[in-house]
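Values reported hereafter were calculated over all heavy atoms of this structure, with side chains retained and with hydrogens, waters and symmetry mates removed. One-based numbering, in listed order, for ligands and for the atoms of each.
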Amino acid sequence: MYTNTGSFRRVAAVHDISGFGRCSLTVIIPSLSVMGVQVCPVPTAVLSTHTGGLGEVAIRDLTDYILPALNHYKALDLSFDAVYTGFLGSQTQIGHCLEFFQAFPDSLKVVDPVMGDHGKAYRTCGKELQAGMAKLVSAADIITPNLTEACILLNQSFEFSSLTHSQAKSMLARLSETGPSKVIITGVQLATGEMANIGYDRNAGAYWYVPCDYVPVSYPGTGDIYASVLVGGLLTGDSLSIAMGRATSFVELAIKTTFSYGTDPRYGVMLESALPWLTHKEIIKNFEIL
Ligand code: PXL
């Protein structure tokens, strides 16, 4: 069969889909699509909303869907440029993600280890799940924890204080030692007073940071958007630092736009009005050497 896909890229996205609240697949699909990357969603669960304070969530678990979907894709002899995982609900789901990674060894393995924020693990993410996530991280090429998740993965207590450049580099290097050659930590307060997303590329031996403006509200789903734009950038020719700049610029634009309208933070960022920016090739935010 003739399948000329040119230089177009394809990602298997193993995430839940939350109907309302703009997170997980509802933001991952449009963000990657508008960057010209095809998304093949592998939904792990369907939820009426995210779990961040919108009351009783209607949920249907799809754990038993993941392997049959994988087997179908193998039978079709499909390939994926990346396999990208995020919020996961059980050890079993983590095991299925590992099987996805094993089935597509040439894919970029991206793990966004969604486990918590603001110094606390989500109540859906107990110790066992945290240990499972650490195992998935060790099989990844690139990970994108926030500072809380980075502390959980390193078994260290969450520091509210800022990080010096050498502390920041040490965290990145220690996470990389567990497996992934590229590590990003989002939402880090540096000792210089700047908020930043920081990154390390072990193969290049390079540490980077991209400063971002502080906005006094936090929105669910911004980690998913950040990781999606990062993956989209990496798959379409960006270096790690350029992809970090692109992802930081876009999330900042979405957050500032939303903040200016004063909408309920639980409803997420106004992705629809920010999305067209992703069609531009230039980036605004620049990266610095950490
Ligand atoms: O954005 C991460 C995420 C994904 N999926 C669900 C969530 C969250 C964060 O709260 O609740 C269901």
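When every heavy atom of Thr63 is checked against every heavy atom of His96, the shortest pair comes out as O-CD2, 3.5 Å. The heavy-atom pair separating Gly199 from Met244 by the smallest distance is N-CE, 3.5 Å.
Using a 4.0 Å cut-off between charged side-chain N and carboxylate O, Lys182 and Asp141 make no salt bridge.
Within the structure, no pair that satisfies the side-chain hydrogen bond (donor to acceptor under 3.5 Å, both in side chains) test touches residues 66-77, not counting sequence neighbours.
For an aromatic pair to be called close, the ring centres must be under 6.0 Å apart, and His118 with Phe158 fails this.
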Identify all N/O pairs between ligand 1 and the protein with a separation under 3.5 Å and present them as a table of atom names and distances.
residue: ligand 1; atom: 1 (O); partner: Asp224; partner atom: OD2; Å: 2.7
residue: ligand 1; atom: 5 (N); partner: Asp16; partner atom: OD1; Å: 3.4
residue: ligand 1; atom: 5 (N); partner: Asp16; partner atom: OD2; Å: 2.7
residue: ligand 1; atom: 11 (O); partner: Thr51; partner atom: N; Å: 2.8
residue: ligand 1; atom: 11 (O); partner: Thr51; partner atom: OG1; Å: 2.7

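When each of Thr186, Asn146, Thr248 is checked for a side-chain hydrogen bond (donor to acceptor under 3.5 Å, both in side chains) with Asn197, only Thr248 meets the rule.
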